[in-house]
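In what follows, a structure is listed as structure tokens, so that the remarks can point back to it.
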Amino acid sequence: MKLTKIECRRQVFTLIYLLCVVLLVVGWYKNFFGITDEEIKKAQGNGKTTEIMELDRPLLKEPTTEDDFYGIKYVENPELIMRGATDKLLSEYNRNIYATYPLGYYKAVSLGEKEQQRVAEILCEITGLSKEQLSDIPEGYFPTVNGSIIHIPEEGTGSINSNGVSIAVPEEEGEQQDKFSVFTPQVSYDIFKERMKEIEQMLGKGSSYSMKMLITYYGMEEMTYEEAQSEFTTMLEEDQLTGGFARLFCDVMSGGIGILPVFLVVFLWLKDLVTSSKEIIYAKKVSSFKLVISRYTTGVMIIILPVLLLSFESLIPLIKFAYQNNYNIDCFAYIKYIIWWILPTVMIVMASGTFFTILTDSPIAILIHIVWWVIDRGITDLTGGTTLTTLMIRHNTLREIETIKEQSCLILTNRLFYVMLSCLLLAMTVLILEKKRRGKFEWWRYYTKISNFVKNKF
């Protein structure tokens, strides 16, 4: 206990810890601060207005049959998806610039002549047009508003009907449009999905043509009153008002939590080398176990503390709102999600940082975690997409509790995996430190032995 207090005073007043806290607060302020108050204002009917129509209805406001809009849902609508994907593919084919996001970051892909020819064949098959016709699509072939794509008709060439479709103006009155003047798919939906999978393989991971992305871009439909009422009831009964906000809060905080703790732990251990404290630490009678665990647990606690404190900015207004409207509320939702989602991330980042720093007496742990953080942020979906090795659980929405329920077992397995891996790394760290204190460990010699063994065997 005495050692923990010493470590706490030592770590809290370091510049690197204060910098970590500042960066956590900045990330929270930019991405979460004020969201709860704004949702409450919208529910009370005095939220700020915007000229751009929002896709979601106010989460905390109960829908009525008199509402004009109930929000947006995402469904696998073959008509919308086929039309939107073909529009997007045709646009990218004409420019031979295909947008992909292999690690969550934009990358333009240009295809070779053979692959471009195959894309043209797929477009001709889907549309029924010839290759020459693909380069001269008539005005109004696609809707003006087509999912994430907006077509602006040239002045004097068309008009927009009530469905948002750009209609070409005939040259002479009574002139009939031919059958290819408006997009009509010439293949079944199953064949279309096969062709999109082929396009995705050509472009690589992160293209716009996976079914998940196609549904996101072109599967939007307006919710009905019954669906909006069901969502509101779920929010009150299952999430008990705070669940969605707690998940979004943890999603926002996980970005900093996934990388910042490693700087703290590396700084603390390397500081001993720079200030010549290494010999003093190695000579002390304090066991390696107490030394590692006290420093580790203190680091975990002081990283989690500001996260807990920041959650009150959202929790307190929700408690007040629940009291005013006589709603049930889970006051411990933030603590539950912080322990479930955030704590294992802090544990593994600090445990692996400690392990690699003690092993190599170098800051290589920082480089390892930067690479790990970038890859994890790139391959993990904003909502869902959790795998066994996902470092930071993502849920960048106040809604979609169904996604969490579907993945709850996988998320739990993932979190337990990192807790156990943290314990294993700490145990290995204690053993390595103990050998170093006795002067019996030089990691490069172990590396040489392993390298020679591999060469001799294989």
Side-chain angles (χ1 to χ4, degrees), residues 28 31-47 54-64 67 70-74 223-254 257 304-345 382-386 392-416:
W28 162 81
N31 298 293
F32 188 81
F33 176 76
I35 287 179
T36 305
D37 283 334
E38 186 58 37
E39 284 293 330
I40 291 174
K41 290 178 181 178
K42 289 178 182 178
Q44 295 171 339
N46 56 354
E54 297 183 4
L55 297 180
D56 291 321
R57 53 173 295 277
L59 179 67
L60 302 178
K61 182 178 181 180
E62 184 171 7
T64 68
D67 292 345
Y70 296 107
I72 290 293
K73 62 180 179 179
Y74 295 89
M223 296 173 65
T224 63
Y225 164 74
E226 290 76 15
E227 290 169 332
Q229 183 63 47
S230 176
E231 180 186 69
F232 181 78
T233 302
T234 299
M235 183 272 298
L236 287 183
E237 296 179 357
E238 296 189 37
D239 264 339
Q240 293 189 327
L241 203 66
T242 49
F245 293 92
R247 288 191 295 272
L248 181 60
F249 172 78
C250 288
D251 172 81
V252 169
M253 299 305 297
S254 66
I257 290 297
I304 287 294
L305 180 61
V307 177
L308 286 170
L309 294 177
L310 289 174
S311 69
F312 285 104
E313 183 270 341
S314 177
L315 176 61
I316 292 174
L318 286 173
I319 293 175
K320 183 179 178 181
F321 179 77
Y323 176 77
Q324 293 173 342
N325 293 274
N326 197 27
Y327 291 150
N328 292 328
I329 184 171
D330 183 2
C331 296
F332 299 100
Y334 288 86
I335 296 178
K336 291 176 183 176
Y337 278 102
I338 289 171
I339 293 175
W340 186 25
W341 286 14
I342 297 292
L343 181 58
T345 301
L382 290 178
T383 302
T386 302
M392 298 166 284
I393 305 297
R394 301 301 311 274
H395 195 80
N396 195 242
T397 177
L398 293 172
R399 295 168 163 81
E400 298 186 29
I401 186 177
E402 295 78 12
T403 303
I404 299 302
K405 290 165 64 177
E406 291 171 1
Q407 293 194 321
S408 58
C409 290
L410 181 57
I411 293 174
L412 180 59
T413 303
N414 169 283
R415 299 291 86 183
L416 289 175

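A side-chain contact (heavy atoms from CB on, under 4.5 Å) with Ile393 holds for exactly one of Asp251, Asn414, Ile404; it is Asn414.
Separation of atoms CD (Glu238) and CD1 (Ile401) is listed at 5.0 Å; rounding is to 0.5 Å. A distance of 10.0 Å separates CD1 of Ile257 from CG of Leu343, quoted to the nearest 0.5 Å. Between the CG atom in Leu59 and the CD1 atom in Ile40 there is a gap of 10.5 Å [rounded to 0.5 Å]. The CH2 atom of Trp341 lies 6.0 Å from the NE2 atom of His395; values are rounded to the nearest 0.5 Å. How far OG1 of Thr64 is from OH of Tyr225: 7.5 Å, rounded to the nearest 0.5 Å. The distance from the CE atom of Met223 to the CG atom of Asp67 is 11.5 Å, given to the nearest 0.5 Å.
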- prompt: Do Thr345 and Arg415 pass the side-chain hydrogen bond (donor to acceptor under 3.5 Å, both in side chains) test, and can you show the C-alpha distance, the side-chain angles, and the key distance before you say yes or no?
  reply: CA-CA 8 Å; Thr345 301; Arg415 299 291 86 183; 2.8 Å; yes
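Under the 3.5 Å distance criterion, with hydrogens and angles disregarded, no donor-acceptor pair is assigned to the side chains of Thr397 and Arg247.
Classified by interplanar angle (parallel below 30°, tilted 30° to 60°, perpendicular above 60°), the ring pair Tyr337/Trp340 is tilted. Between Phe249 and Phe32, the ring planes are perpendicular. Angles over 60° get that label, and only those under 30° would be called parallel.
Comment: Glu231 does not engage Lys73 in a salt bridge, judged by the lack of any side-chain N to carboxylate O separation of less than 4.0 angstrom.
For OH of Tyr327, the number of neighbouring non-hydrogen atoms (other residues, nucleotides, ligands) closer than 6.0 Å is greater than 12.
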